[in-house]
Amino acid sequence: MIVDARGHRCPVPTLRLRKAMATAGPDRRLTLLATDPMARIDAPHLAAQMGWAVVSIEEADGVLTIIVETPAAPTD
């Protein structure tokens with residue numbers, strides 16, 4: 001799933017990521033695209049708070065690509 005927040009300033013990229021992650025379900029990867037440099041700080045902070053993993057953060061041509069992963073579903 002791609003969350004496109006290019007052109008939006010803080011806190012919009014993180015809010016869009018949070019909303020997408022809430023509906024993503026367990027063990028899913030989402031890609032946040034953002035042009036706001038604060039997303040490099042805010043998205044990993046949100047991920048840590050929510051128990052998600054940041055898989056990678058890359059920047060090319062002024063666009064941050066941040067990949068986060070939801071935790072796997074618990075098994076009994």
Side-chain angles (χ1 to χ4, degrees):
M1 177 186 290
I2 295 177
V3 178
D4 190 347
R6 291 176 288 185
H8 294 279
R9 303 299 277 170
C10 179
V12 174
T14 305
L15 293 174
R16 286 191 178 180
L17 179 61
R18 179 189 291 253
K19 183 177 179 181
M21 294 296 277
T23 62
D27 202 25
R28 295 288 308 268
R29 281 191 177 188
L30 279 81
T31 301
L32 173 64
L33 303 176
T35 50
D36 182 0
M38 288 303 295
R40 182 185 294 273
I41 297 167
D42 293 342
H45 183 70
L46 173 65
Q49 285 181 329
M50 302 302 287
W52 309 331
V54 176
V55 176
S56 67
I57 300 174
E58 297 178 6
E59 185 174 354
D61 298 325
V63 177
L64 287 165
T65 301
I66 302 170
I67 300 174
V68 295
E69 186 174 73
T70 59
T75 57
D76 294 321

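Counting only residues at least two apart or in different chains, salt bridge (charged side-chain N to carboxylate O under 4.0 Å, His left out) contacts with residues 50-65 comprise Arg40-Glu59.
Residues meeting the side chain to side chain donor-acceptor pair (under 3.5 Å) test with Arg29, sequence neighbours left out: Glu69. Looking at residues two or more places apart in sequence or on another chain, you find a salt bridge (charged side-chain N to carboxylate O under 4.0 Å, His left out) between Arg9 and Asp36.
Other members of the cluster containing Val12 do not exist, because no ILVMFWY side chain is joined to it at under 4.5 Å. Its side chain within the 4.5 Å cluster rule, Met38 clusters with Ile41 among the Ile, Leu, Val, Met, Phe, Trp and Tyr residues. Clustering of Ile, Leu, Val, Met, Phe, Trp and Tyr side chains at separations under 4.5 Å places Leu32 together with Met1, Val3, Leu17, Met21, Leu30, Leu46, Met50, Trp52, Val54, Ile57, Leu64, Ile66, Val68.
Scanning both residues, Pro26 and Ala72, for their nearest heavy atoms gives CB-C, 3.9 Å. Of all heavy-atom pairs spanning Thr70 and Gly25, the tightest one is OG1-O, 2.8 Å.
Note: Thr65 OG1 to Arg6 CZ = 8.5 Å, rounded to the nearest 0.5 Å. Note: His45 NE2 to Thr14 OG1 = 9.5 Å, rounded to the nearest 0.5 Å.
A 4.5 Å side-chain heavy-atom check between Pro71 and Asp27 finds every atom pair outside the cut-off.
A donor-acceptor contact shorter than 3.5 Å is absent between the side chain of Thr31 and the backbone of Ile2. In this structure, Asp42 contributes its side chain and Pro44 its backbone to no donor-acceptor pair below 3.5 Å.
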